[in-house]
Asks: 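Before I ask anything, here is the structure I am working with.
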Amino acid sequence: NFIAVSGDNSGRVLDAPEFAVMHDKGNEENVFDRIDYQIANGNTVHLNLGLTRSWFQTPQTFDNLNLGVVDPSGNPVPPMDQRSQIKTYNVAPTWTRLLSPTAVFTFGGFVRRDGYDYYPSNDPFADLGPLNLQRETIGQHRTLTNTGIRSDLAYAYGIHNLKMGLS
C-alpha cells in the first residue's frame, strides 16, 4: 500500500498579464493511493486511487481594478474577483495473471471525472470590464468523465519480447 499527499499554496498560480501580480492566489492538494493485493499465487489485483483539488483566482489587469468606475447608482465598483475550482478523482483497478514463467496477462479499467466550477465576482458590475467590453457575468459548472478498459498479453523469452493488447 502506498499513499502520497502533496499540496501547494502559492501567490502566483497562473501567469498574470501584468508585470505586477494582482489577484493571483491559489492552492492545490493531491492524494494518491495504490493498493496491491495478491489473491492467489499468480493473481494480483492493483487499485490506483487519486483525488485532486485546486482553487485559484483569475489574474487581473490594471483595467480590472475598476479605478474610478461607478455602478448605475453612483457607488464605486470593486475590483474584479473571479475564481475557479477544479476537483478530479481517478479510480483504476487492474488484474494481473501470470500464465507461465514467460507470459503475463493484464486486464484493467479506469474512471476519471473532472469537475470545473467558475465563480464570478460577488458584485456583478465588477466583471463588466473597461468600456463595457463584457456585457454580463455568469457562473459555470462543467464536468468531464472518461472511462476505459485495456487488456494486454506480454511474452518474454530470452532476448525476444512480444506485447499485444486492446484498449
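One-based numbering along the sequence shown.
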Asks: Taking C-beta and beyond as the side chain, do E29 and L51 meet within less than 4.5 Å on heavy atoms?
Replies: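 The answer is no, as the side chains (C-beta and beyond) never meet within the 4.5 Å cut-off.
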Asks: Do R53 and W55 come close enough that some side-chain heavy atom pair is under 4.5 Å?
Replies: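 Result yes, sub-4.5 Å side-chain heavy-atom pair found.
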Asks: Under 3.5 Å, is there a donor on one side chain and an acceptor on the other for Q140 and R142?
Replies: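 The criterion, which ignores hydrogens and geometry beyond distance, is satisfied for R142 and Q140.
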Asks: Does the side chain of F32 reach to within under 4.5 Å of the side chain of N90, using non-hydrogen atoms?
Replies: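 With C-beta onward as the side chain, the pair stays apart.
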Asks: Give a yes or no on whether Y37 and W95 share a hydrophobic cluster (residues Ile, Leu, Val, Met, Phe, Trp, Tyr; joining criterion: side-chain heavy atoms under 4.5 Å apart).
Replies: yes
Asks: Taking a hydrophobic cluster as the set of Ile, Leu, Val, Met, Phe, Trp and Tyr residues connected by side-chain heavy atoms closer than 4.5 Å, whether directly or through intermediates, do V45 and F107 fall within one such cluster?
Replies: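 Yes, V45 connects to F107 through the hydrophobic network.
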Asks: Check for me, please, whether L67 and V70 land in the same ILVMFWY cluster - side-chain distances under 4.5 Å, paths through other members count.
Replies: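 Unlinked, L67 and V70 end up in two clusters.
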Asks: How long is the span from the CG atom in D152 to the OG1 atom in T106, to the nearest 0.5 Å?
Replies: 4.5 Å
Asks: Quick check: do N161 and K163 have side-chain heavy atoms less than 4.5 Å from each other?
Replies: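 Side-chain contact under 4.5 Å: no.
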Asks: Between Y118 and Q82, is any side-chain donor less than 3.5 angstrom from a side-chain acceptor?
Replies: yes
Asks: Would you say Y155 and S100 make side-chain contact, with heavy atoms under 4.5 Å?
Replies: no
Asks: Nearest 0.5 Å please: distance from the CD1 atom of I149 over to the CG atom of L166.
Replies: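 Rounded to the nearest 0.5 Å, the CD1-CG separation comes to 8.5 Å.
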Asks: Measuring from T58:OG1 to D81:CG, what's the distance to the nearest 0.5 Å?
Replies: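 So the OG1 of T58 and the CG of D81 are separated by 9.0 Å.
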Asks: Is atom CZ of R97 surrounded by more than 12 heavy atoms (other residues, nucleotides or ligands) closer than 6.0 Å?
Replies: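 Counting other residues, nucleotides and ligands, CZ of R97 exceeds 12 neighbours.
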Asks: Minimum heavy-atom separation for A126 and P78, please, with both atom names.
Replies: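 Distance-wise, the nearest heavy atoms are CB-O, 3.3 Å.
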Asks: Could you give me the CA-CA distance, side-chain angles and deciding distance for V91 and L47, then say whether side chain to side chain contact (heavy atoms under 4.5 Å, CB included) is met?
Replies: CA-CA 7 Å; V91 178; L47 179 61; 4.0 Å; yes
Asks: Please check if the side chain of Q85 supplies one atom and the backbone of D117 the other of a donor-acceptor pair under 3.5 Å.
Replies: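 No: the side chain of Q85 does not pair with the backbone of D117.
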Asks: For the side chain of N48 and the backbone of R34, is there at least one donor-acceptor N/O pair under 3.5 Å apart?
Replies: no
Asks: In a check of side-chain hydrogen bond (donor to acceptor under 3.5 Å, both in side chains) between T52 and each of D114, T88, N30, which one passes?
Replies: N30
Asks: To the nearest 0.5 angstrom, please state how far the OG1 atom of T102 sits from the OH atom of Y157.
Replies: 8.0 Å
Asks: What's the separation between atom CZ in R113 and atom OG1 in T143, rounded to the nearest 0.5 Å?
Replies: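 Rounded to the nearest 0.5 Å, the CZ-OG1 separation comes out at 4.5 Å.
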Asks: Around atom CG of N41, are there more than 12 heavy atoms of other residues, nucleotides or ligands at under 6.0 Å?
Replies: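 For N41, atom CG is not crowded (no more than 12 foreign heavy atoms under 6.0 Å).
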Asks: Check whether L65 and M80 end up in the same hydrophobic cluster, where Ile, Leu, Val, Met, Phe, Trp and Tyr are linked by side-chain heavy atoms less than 4.5 Å apart.
Replies: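 Not linked; separate clusters.
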Asks: When rounded to the nearest 0.5 angstrom, what distance separates CD in E28 from OG in S54?
Replies: 7.0 Å
Asks: Counting heavy atoms not belonging to H141, are there more than 12 under 6.0 Å from its NE2?
Replies: yes
Asks: Got a sec: does the CG of L144 have more than 12 other heavy atoms crowding it under 6.0 Å?
Replies: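 Yes - once you tally the heavy atoms of other residues, nucleotides and ligands closer than 6.0 Å, there are more than 12.
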